[in-house]
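Worksheet: the structure to be examined is printed underneath.
Residue numbers count from 1 along this sequence.
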Amino acid sequence: MAITCFADEIQESFHADHVQSEWLLADIVRQGRTPTPAEYVFFARCGWAPPLVNDQFRRMSQVLRIQPIAGSPADREATALEAETSAAILEKEGPKLEQKIAELQAKLSGLERDARLSRKRCEEQRDAVSRLRELLPQHVQSKVDQAKVILNNEGVGVDLREAKTRHHELVCILNVGGVYARQEKHIEYALRMNLPEAVNTITEGGMNRYVYSASWPGLKAAAELEFAEVAAKLPELQAAYDAELAVIELALDFYSNGRQND
């Protein structure tokens, strides 16, 4: 707009100073510095005494923080259009999704109910089998108990028990899994009991101290080999034992396996 009078010239000059002062304020705030003397002179022209300049800095700090949120007019127009579009999609698709969610929730509730009832039924059946075993004639229970004694003291029962015992000993000898946190405890409580030839005793001041013997590396290697063999054998022995025990305990399920009706 052309300047047509002195008042318009003053207004135009004020507007130019205002714009320049805002850009200068923003630049100083971004740089995090204090104004130069010349800049203070310029701010004085704008009517800002030094204390007021500080107020303007605080104001500009807020402006620079809020401006990115407000965005440009184009940004705001695009956001408004996006909000309008999203609202329209929600209005159209929302009820369909709510219906689908309701159907899925009903299906989930049904599955949860079925699983709960099935689990309860299994528990009831296990309890019933246990109670039916308690109602067997005493002579049947006695025969089963005798057969278990024989299983545990002959054949695979003995093999399994001995294998478990040896496995435990080897775990201690080899300190598998860090059973003993300290070396001296491993020597004193595991090797002295289970593999004494792996230990040397040193007497100092009337006190005994235990250390690994020169035979320990070779003994350890042999123990590691045996441990692997025993560990591999245990599942086979356990399976064989469980199979024989299952045969013995068939008599306990006389009332629950349906055979009494044959």
Checklist entry - Applying salt bridge (Lys or Arg N to Asp or Glu O under 4.0 Å), which residue pairs with at least one partner in residues 163-174 are found, sequence neighbours left out? => result Arg166-Glu169, Arg166-Glu226
Checklist entry - Just by modelled atom types, is the Glu39 backbone N or O under 3.5 Å from a matching donor or acceptor in the Thr36 side chain? => result yes
Next on the checklist: Side chains of Arg59 and Gln62: any donor to acceptor distance under 3.5 Å?
Outcome noted: no
Item to check | pair Gln141-Glu134: side-chain heavy atoms closer than 4.5 Å | outcome: no
Checklist entry - How would you list, by chain and number, every residue that makes a side-chain contact (heavy atoms from CB on, under 4.5 Å) with Tyr189, sequence neighbours excluded? => result Tyr180, Lys185
Checklist entry - What pairs meet the ring-ring contact (aromatic ring centres under 6.0 Å, His included) rule with one or both residues in residues 53-111, with sequence neighbours excluded? => result none
Next on the checklist: Quick check against the 3.5 Å criterion: does Ser213 have a side-chain atom that pairs as donor or acceptor with the backbone of Glu197?
Outcome noted: yes
Item to check | Minimum-distance pair of heavy atoms, taken over all atoms of Val199 and Tyr210 | outcome: CG1-CB, 3.9 Å
Checklist entry - If you look only at pairs with a residue in residues 219-250, which of them pass as a ring-ring contact (aromatic ring centres under 6.0 Å, His included), with sequence neighbours excluded? => result His167-Phe227
Next on the checklist: Does any part of the side chain of Val140, heavy atoms only, come nearer than 4.5 Å to the side chain of Phe254, both counted from C-beta?
Outcome noted: no
Checklist entry - Under the side chain to side chain donor-acceptor pair (under 3.5 Å) rule, what pairs show up with a residue in residues 114-130, not counting sequence neighbours? => result none
Checklist outcome for this item: So ring-ring contact (aromatic ring centres under 6.0 Å, His included) across residues 124-146, not counting sequence neighbours, yields none
Checklist entry - Do the side chain of Arg76 and the main chain of Gly71 share a donor and acceptor less than 3.5 angstrom apart? => result yes
Checklist entry - Among pairs that include at least one residue of residues 62-89, which meet ring-ring contact (aromatic ring centres under 6.0 Å, His included), considering only residues two or more places apart or in two chains? => result none
Checklist entry - Judged by atom type as modelled, is there a donor-acceptor pair below 3.5 Å linking the side chain of Asp253 to the main-chain atoms of Asn257? => result no
Checklist entry - Quick one: does Asn194's side chain have a donor or acceptor within less than 3.5 Å of a partner on Ala190's backbone? => result yes
Item to check | For Ile202, side-chain contact (heavy atoms from CB on, under 4.5 Å) partners two or more places apart | outcome: Glu204, Arg209, Val211
Checklist entry - How far apart are the closest heavy atoms of Leu52 and Gly47, and which atoms are they? => result CD2-O, 3.7 Å
Checklist entry - Would the number of heavy atoms belonging to other residues, nucleotides or ligands and lying under 6.0 Å from CD of Glu77 be above 12? => result no
Checklist entry - With side chains defined as the heavy atoms from C-beta onward, is the minimum distance between Trp216 and Leu191 less than 4.5 Å? => result yes
Item to check | All salt bridge (charged side-chain N to carboxylate O under 4.0 Å, His left out) counterparts of Lys148, not counting sequence neighbours | outcome: Glu249
Next on the checklist: Can you confirm whether Glu224 sits close enough to Leu170 that some side-chain heavy atom of one is under 4.5 Å from a side-chain heavy atom of the other?
Outcome noted: no
Item to check | Partners meeting side chain to side chain donor-acceptor pair (under 3.5 Å) with Arg182 (sequence neighbours left out) | outcome: Glu184
Next on the checklist: Testing the 3.5 Å rule here: is there a donor-acceptor pair between the side chains of Thr201 and Asn208?
Outcome noted: no
Checklist entry - Taking side chain as C-beta onward, heavy atoms only, is Val158 less than 4.5 Å from Arg161? => result yes
Next on the checklist: If the condition is ring pair (Phe, Tyr, Trp, His ring centres under 6.0 Å), which residues does Phe43 pass it with, not counting sequence neighbours?
Outcome noted: Trp48
Checklist entry - Which atom names give the shortest non-hydrogen contact between Glu91 and Pro95, and what distance separates them? => result O-CD, 3.4 Å
Next on the checklist: What's the separation between atom CD1 in Ile187 and atom CE in Met193, rounded to the nearest 0.5 Å?
Outcome noted: 15.0 Å
Item to check | Of all pairs that satisfy salt bridge (Lys or Arg N to Asp or Glu O under 4.0 Å), the ones with a partner from residues 212-223, not counting sequence neighbours | outcome: none
